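For this chain, numbers begin at 1 and follow the sequence in order. Computed from a predicted structure; not experimentally measured. Computed from heavy atoms alone, side chains included, the values below leave out hydrogens, waters and symmetry copies.
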Amino acid sequence: MTTTENTRQLAADGARFLGDPAFRVNPEDFYRRLVEEAPVLPLGNGTWLIGGHAELRAALRDTRFSRAAGAAHESEFLSSDPRPEVQRMGRCLRGTMLYLDPPEHARVRKFHRDPFLPRAVREWQDEADRIADELARNLPKDEVFDLKEKFALPIPERLICTILGVPVEDHKLWEEWTGALLRLDRTGHAEDGGFEEARAAMVAFGEYFDALIRERRENPGDDLISVLVAEDETGDRLTDDELVGNLILLTSAGHETTANTIASTVVLLLRDRANWDRLLADPSLADKAIEEVLRIEGAQRFMVPRTTTEDVEIGGHTIPAGDRVIFVTHAANRDPSAFPDPLRFDIDRDPKSHVAFGGGAHTCLGVHLARLELVTALRALLRHHPNLALAVPEEQLETSPTPTVRGWESLPCISTTA
């Protein structure tokens with residue numbers, strides 16, 4: 001096969017990767033070929049993939065790869081709807097940090113920054129320990145249970161409920177709405193984008209947070225919503241649309257991704273029991289283990305598309321202004337030029353250059369909270385369930401069909417008493 005034919009086949013596989021859940025079940029060969037053969041890959045129709053580690057890290061810091069330039073397209077499923085309440089949610093989506101560029105991005109992010117800095121996140125350690133310990137103690141012994149449903153999901157859900165100052169029971173509403181949003185396909189490569197379900201979820205989320213915002217303005221407390229509705233030191237404040245959009249982002253972006261990474265941690269550590277036993281003997285290795293999990297099985301397969309604001313030279317290609325570019329984080333985190341023997345799960349590896357949390361101005365706001373939750377969850381399982389095992393062979397686990405998120409529909413496990 002010629003180089004041109006190879007590139008053409010790789011581009012066809014790239015389109016399948018974006019649009020075909022069955023193809024994403026085992027994409028390792030595609031990742032390898034993307035990194036080795038075309039770290040910057042044109043798919044045609046103005047769409048590109050970037051999978052090389054060096055190229056992706058450079059692009060993350062390059063402001064010519066814009067989130068805001070594609071916001072109108074990304075929110076069109078809302079703004080094109082004739083119903084005013086749905087159109088309003090399009091404005092809320094475009095006002096999130098996810099779809100803003102500097103300097104407007106910095107203005108909105110500053111309101112959210114302080115509660116997610118390391119010193120602030122450390123104040124939630126005791127609450128995270130309490131939640132994880134309670135959930136771990138309540139997992140059954142000697143019978144099969146779904147670790148994702150019973151343990152991995154409730155940890156980030158309960159903690160963010162506490163941070164926001166809302167009833168813990170509300171997380172069940174979020175699960176339903178977030179599921180609809182995560183199933184939404186914005187790549188343009190899926191047959192059914194799930195748009196109507198996502199519209200209903202956005203409207204329900206908006207009504208939910210509108211009520212909380214009104215209540216906190218009348219009766220402020222020490223929770224995150226009360227902090228966000230207040231003016232900053234310059235007299236600036238977030239609009240209602242900005243508040244609603246970014247609260248949806250905080251709740252929907254955090255708990256499903258964290259839960260799937262907790263589940264992936266268990267899968268990876270139990271794949272070779274020696275790794276699990278090593279952590280049982282030395283729980284202080286939990287931090288390093290989590291970083292390696294984030295590198296090889298971080299919950300985000302690829303990032304939402306960016307749009308070039310001018311022609312960009314990268315990886316031997318010129319990406320024209322106005323084209324859409326998708327950063328394939330899982331490929332970059334398997335690039336052997338950055339991570340030797342990249343498919344090997346190695347607790348002793350120094351993986352700090354991984355891009356599981358993005359980079360540049362759009363580095364994940366909740367990076368420190370996510371790390372706290374992941375390490376806390378792992379240590380709780382080690383304490384309470386040293387004999388934890390998968391209840392089915394790994395190849396029988398059902399992966400999530402969600403386009404961007406690498407995850408599991410469920411994680412059947414069993415914890416024996418001896």
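Of the charged side-chain nitrogens involved, none lies within less than 4.0 Å of a carboxylate oxygen, so that Arg91 and Asp240 do not count as a salt-bridged pair. Between Asp101 and Arg67, none of the side-chain N atoms (NZ, or NE/NH1/NH2) sits under 4.0 Å from a carboxylate O, so this pair counts as no salt bridge. The existence of a salt bridge linking Lys288 and Glu291 is excluded, since no basic side-chain nitrogen approaches an acidic carboxylate oxygen closer than 4.0 Å. Salt bridge Glu175/Lys172: present, at least one basic N to carboxylate O contact under 4.0 Å. Ion pairing between Glu74 and Arg306 fails under the 4.0 Å rule for side-chain N and carboxylate O. The residues Asp133 and Arg383 are annotated as salt-bridged, a charged nitrogen and a carboxylate oxygen being separated by less than 4.0 angstrom. Salt bridge annotation for Arg107-Asp236: present, with a cationic side-chain nitrogen under 4.0 angstrom from a carboxylate oxygen. By the 4.0 Å N-to-carboxylate-O rule, Arg32 lies too far from Asp335 to be salt-bridged with it.
The shortest side-chain heavy-atom distance between Tyr31 and Pro342 does not fall under the 4.5 Å cut-off. Residues Leu365 and Leu249 are not in side-chain contact: their nearest non-hydrogen atoms beyond the backbone lie 4.5 Å or more apart. Residues Leu34 and Asp13 fail the side-chain proximity criterion, which asks for heavy atoms closer than 4.5 Å. Looking at heavy atoms from C-beta onward, Trp408 lies out of side-chain contact with Asp146 at the 4.5 angstrom threshold. You'll find the side chain of Arg379 stays beyond 4.5 Å of the side chain of Leu279, heavy atoms only. Between Arg24 and Phe30 the shortest side-chain heavy-atom distance does not fall below 4.5 Å. The shortest side-chain heavy-atom distance between Asn138 and Phe151 does not fall under the 4.5 Å cut-off. For the pair Leu117 and Val121, the minimum side-chain heavy-atom distance is 4.5 Å or more.
Gln125 and Thr376 are linked by a side-chain donor-acceptor pair at a separation below 3.5 angstrom, with hydrogens and angles left out of the test. In the model, Thr47 has no side-chain atom that pairs as donor or acceptor with a side-chain atom of Arg324 under 3.5 Å. Checking Trp48 against Asp323 by side-chain atom types alone, a donor-acceptor pair falls below 3.5 Å. Counted by atom type alone, Ser415 and Asn387 present zero donor-acceptor pairs between their side chains at under 3.5 Å. With 3.5 Å as the limit, one finds no donor-acceptor pair spanning the side chains of Thr329 and Gln300. Checked by atom type, the side-chain pair Thr416/Asp142 shows no donor-acceptor distance below 3.5 Å. Ser252 and Trp174 form no side-chain donor-acceptor contact under 3.5 Å, judged by distance and modelled atom types alone. Judged purely by distance below 3.5 Å, without hydrogens or angles, the side chains of Ser226 and Asp223 pair a donor atom with an acceptor atom. Judged by distance alone, the side chains of Asn260 and Glu256 do bring a donor and an acceptor atom under 3.5 Å apart. Checking Asp241 against Thr239 by side-chain atom types alone, no donor-acceptor pair falls below 3.5 Å. There is a side-chain donor-acceptor pair under 3.5 Å between Asp282 and Ser284. Side-chain atoms of His53 and Asn333 include no donor-acceptor pair closer than 3.5 Å.
In this structure, His385 and Phe145 have tilted ring planes: the angle between them lies in the 30° to 60° band. Classification of the His362-His105 ring pair by plane angle, with boundaries at 30° and 60°, yields tilted.
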Arg137 and Glu134: salt bridge (charged side-chain N to carboxylate O under 4.0 Å, His left out), yes or no, with the steps? CA-CA 5 Å; Arg137 283 196 305 269; Glu134 177 187 328; 5.7 Å; no

| query | Given the rule in the side-chain contact (heavy atoms from CB on, under 4.5 Å) test, do Phe302 and His330 qualify, once you have shown the distances and angles that lead to the verdict? | reply | CA-CA 7 Å; Phe302 57 89; His330 270 204; over 6 Å; no

message: Could you walk me through whether Leu294 and Leu374 satisfy the side-chain contact (heavy atoms from CB on, under 4.5 Å) test, starting with their C-alpha distance in whole Å, then the side-chain angles of each, then the deciding distance to 0.1 Å, before giving a yes or no?
response: CA-CA 10 Å; Leu294 287 165; Leu374 294 168; 4.0 Å; yes

Can you check salt bridge (charged side-chain N to carboxylate O under 4.0 Å, His left out) on Glu36 and Arg33, steps first, answer last?
CA-CA 5 Å; Glu36 293 179 0; Arg33 290 163 52 220; over 6 Å; no

- Start with the C-alpha gap between Arg334 and Val35, add the side-chain angles, then the distance that decides, and say whether side-chain contact (heavy atoms from CB on, under 4.5 Å) holds. CA-CA 8 Å; Arg334 288 159 169 74; Val35 168; 5.6 Å; no

Discussion item. Using the rule given for side-chain contact (heavy atoms from CB on, under 4.5 Å), can you reason through Leu388 versus Trp276, listing the C-alpha separation, both sets of side-chain angles and the distance that settles it, and then say yes or no?
Written reply: CA-CA 9 Å; Leu388 186 69; Trp276 182 263; 4.0 Å; yes

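Taking the centre and axis of the six-membered ring of Phe345, the NZ or CZ atom of Arg271 falls outside the cone set by 45° and 6.0 Å.
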Donor-acceptor pairs are to be reported for all side-chain atoms of residues 164-171 against protein atoms at under 3.5 Å, with residues two or more places apart or in another chain.
| residue | atom | partner | partner atom | Å |
| --- | --- | --- | --- | --- |
| Asp170 | OD2 | Tyr208 | OH | 2.6 |
| His171 | ND1 | Glu157 | OE1 | 2.8 |

